[in-house]
Amino acid sequence: MHIPDGFISVPVAVATSLASATALFVAFERSQTAFGNRRAPILGLTTAFIFAAQMINFPVAGGTSGHLLGGTLAAIILGSPWAASLAMATVFVIQAVLFADGGITALGANIFNMGLVGIWVGWWLFQPLQRLLGGSKGRLPLAAGIAAAISVVAASIACTIELAISGTIPLNIGLPAMAGVHILIGIGEGLITGSVLTYLIKVRPDLLPGEQPQLQKWLVPVVSILIIAGVLSLFASTWPDGLDSVAEKYRFKDKETTIVKIPTPLADYKVQGVDGKISTSIAGLVGSGVAFGVAFGIANVVKPKNA
């Protein structure tokens with residue numbers, strides 16, 4: 001669902017950029033209550049995991065693929081939708097600047113759709129669903145999975161409205177097309193979200209809010225991220241993702257252009273001058289490392305001084 005340059009108009013790009021910047025400013029302020037020394041490394045690990053997981057496209061139907069967005073998952077692990085917004089925004093900036101994944105002028109829209117709408121819809125749905133299902137820890141993955149699935153569709157609707165306002169595709173055509181394919185992608189999102197949380201509850205409760213005073217062991221989460229970014233990414237589906245598939249079907253793919261030209265040394269998740277699958281592995285490992293480092297730095301900036 002990463003919008004490239006050329007798909008949205010200048011007014012839409014400006015409006016979504018202002019909205020995203022304002023929300024992220026508030027997120028910096030609100031996240032001060034969510035961080036201490038313990039949560040800083042977890043923000044870094046969560047951000048790196050989301051980056052790595054987004055490299056793995058899974059097939060859905062009709063030659064279309066999707067990948068984890070991870071907003072709802074991040075909000076639950078971090079215990080704060082504001083902190084999750086910072087994590088997701090970090091991922092999108094790194095993807096756009098280093099990997100040419102998502103347009104620079106569309107960065108505000110991508111943060112707004114996937115890093116704000118997706119997160120907050122998932123968070124608002126998760127809490128009543130968890131209560132409705134009894135509030136037990138064992139039902140948390142189910143509530144989170146359902147919320148995560150719906151959040152993907154919500155983000156796709158926001159994206160479609162922006163495309164329609166920009167004159168890229170009529171709303172009556174784009175809405176059923178985008179929502180339809182992202183319902184399928186949302187099912188994958190829900191399954192992945194529920195599976196990750198099931199594992200964390202049973203094996204690594206120290207990675208969840210309020211469970212352990214300190215992060216216990218780094219080795220397993222770090223190795224898991226490295227395996228996802230460096231190995232599993234090699235098996236990602238090559239089919240176009242939801243937005244690209246709709247763009248090809250309704251013939252607005254040719255609107256994609258490069259408006260702001262900046263050096264992207266890892267464009268298309270490959271290292272320039274390195275051939276073969278090792279190129280993708282290196283790019284994934286570098287991106288995950290950068291994601292962790294930036295998010296860890298942000299966490300140490302926003303945490304309270306007495307934390």
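Heavy atoms only: backbone and side chains are in, while hydrogens, waters and symmetry mates are out. Computed from a prediction, not measured in an experiment: that's the story for all the values here.
Two different hydrophobic clusters hold Phe58 and Trp239 under the rule that ILVMFWY side chains link at heavy-atom gaps under 4.5 Å. Placement of Leu226 and Phe235 within a single hydrophobic cluster is found when ILVMFWY residues are connected by side-chain heavy-atom separations under 4.5 Å, directly or transitively. At a threshold of 4.5 Å between side-chain heavy atoms, the hydrophobic network of Ile, Leu, Val, Met, Phe, Trp and Tyr places Trp124 and Leu132 in two separate groups. Note on Val203: it clusters hydrophobically with Phe49, by side-chain heavy-atom contacts below 4.5 Å among ILVMFWY residues.
The structure places OG of Ser80 at 8.0 Å from CG of Leu86, a figure rounded to the nearest 0.5 Å. One finds the OG atom of Ser17 at 11.0 Å from the CZ atom of Phe112 (value rounded to the nearest 0.5 Å). For the atom pair OH (Tyr250) and CG (Leu163), the distance works out to 13.0 Å, reported to the nearest 0.5 Å. Here CG of Leu200 is found 7.5 Å from CG of Leu73. Values are rounded to the nearest 0.5 Å. Taking CG of Leu266 as the start and CD of Gln272 as the end, the distance is 8.0 Å to the nearest 0.5 Å. The CG atom of Leu45 sits 7.0 Å away from the CG atom of Leu207 when rounded to the nearest 0.5 Å.
Thr47 approaches Ala295 most closely through the heavy-atom pair OG1-CB, 3.3 Å. Residues Glu256 and Phe7 approach most closely at N-CE1, 3.5 Å, considering heavy atoms. Taking every heavy atom of both residues into account, Met55 and Ser233 meet most closely at CE-CB, 3.7 Å. Of all non-hydrogen atoms in Ala291 and Ala48, the two that sit nearest each other are CB-CA, 4.0 Å. The minimum heavy-atom distance linking Trp120 with Pro81 is given by the pair CH2-CG, 3.3 Å. Between Val12 and Ser166 the shortest heavy-atom distance is CG2-OG, 3.4 Å.
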Run the side-chain donor-acceptor check on residues 139-153: report pairs under 3.5 Å with partners two or more places apart or on a different chain.
from: Ser151; atom 1: OG; to: Thr72; atom 2: OG1; distance (Å): 3.4
from: Ser151; atom 1: OG; to: Ala148; atom 2: O; distance (Å): 2.6

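Remark: Val223 engages Leu219, Ile227 in a side chain to side chain contact (heavy atoms under 4.5 Å, CB included) (not counting sequence neighbours). Annotation: side-chain hydrogen bond (donor to acceptor under 3.5 Å, both in side chains) contacts of Glu162 (sequence neighbours excluded): Asn113. Remark: Phe99 pairs with Phe51, Tyr269 by the ring-ring contact (aromatic ring centres under 6.0 Å, His included) rule, at least two apart or across chains. Listed by chain and number, the residues in a salt bridge (charged side-chain N to carboxylate O under 4.0 Å, His left out) with Glu248 amount to none (sequence neighbours excluded).
The side-chain heavy atoms of Leu234 and Ser281, taken from C-beta on, include a pair separated by under 4.5 Å. Residues Leu243 and Met178 meet the side-chain proximity criterion, which asks for heavy atoms closer than 4.5 Å. Side-chain contact between Ile8 and Thr168: absent, with no pair of heavy atoms (C-beta onward) separated by less than 4.5 Å. A 4.5 Å side-chain heavy-atom check between Met1 and Asp241 finds every atom pair outside the cut-off. Between Thr264 and Leu98 the shortest side-chain heavy-atom distance does not fall below 4.5 Å.
Judged by distance alone, the side chain of Ser85 and the main-chain N or O of Leu116 form no donor-acceptor pair under 3.5 Å. Side-chain atoms of Gln54 come within 3.5 Å of backbone N or O of Leu69 as a donor-acceptor pair. Judged purely by atom type and a 3.5 angstrom limit, Glu189 uses its side chain to pair as donor or acceptor with the backbone of Gly70. Formation of a donor-acceptor pair under 3.5 Å by the Asp5 side chain with backbone atoms of Thr105 is found in this model. At least one donor-acceptor pair closer than 3.5 Å links the side chain of Asn110 to the backbone N or O of Ile3.
Relative ring orientation between Phe296 and Phe292 is described as parallel, the plane-to-plane angle staying below 30° on a 0-90° scale split at 30° and 60°. Relative orientation of the His67 and His2 rings is tilted, given thresholds of 30° and 60° on the angle between their planes.
Among the candidates Ile192, Leu68, Leu232, the single residue satisfying the side-chain contact (heavy atoms from CB on, under 4.5 Å) test with Ile56 is Leu232.
Grouped with Val14 in one hydrophobic cluster are Val10, Leu18, the linkage being side-chain heavy-atom contacts under 4.5 Å among Ile, Leu, Val, Met, Phe, Trp and Tyr residues.
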TODO: Verify side chain to side chain contact (heavy atoms under 4.5 Å, CB included) between Ile77 and Leu197, making sure each step is shown before the conclusion.
DONE: CA-CA 8 Å; Ile77 291 175; Leu197 289 172; 4.3 Å; yes
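In Asp275, the CG atom is not crowded: 12 or fewer heavy atoms of neighbouring residues, nucleotides or ligands sit closer than 6.0 Å. Counting non-hydrogen atoms of other residues, nucleotides and ligands closer than 6.0 Å to NZ of Lys249 gives a total of 12 or fewer.
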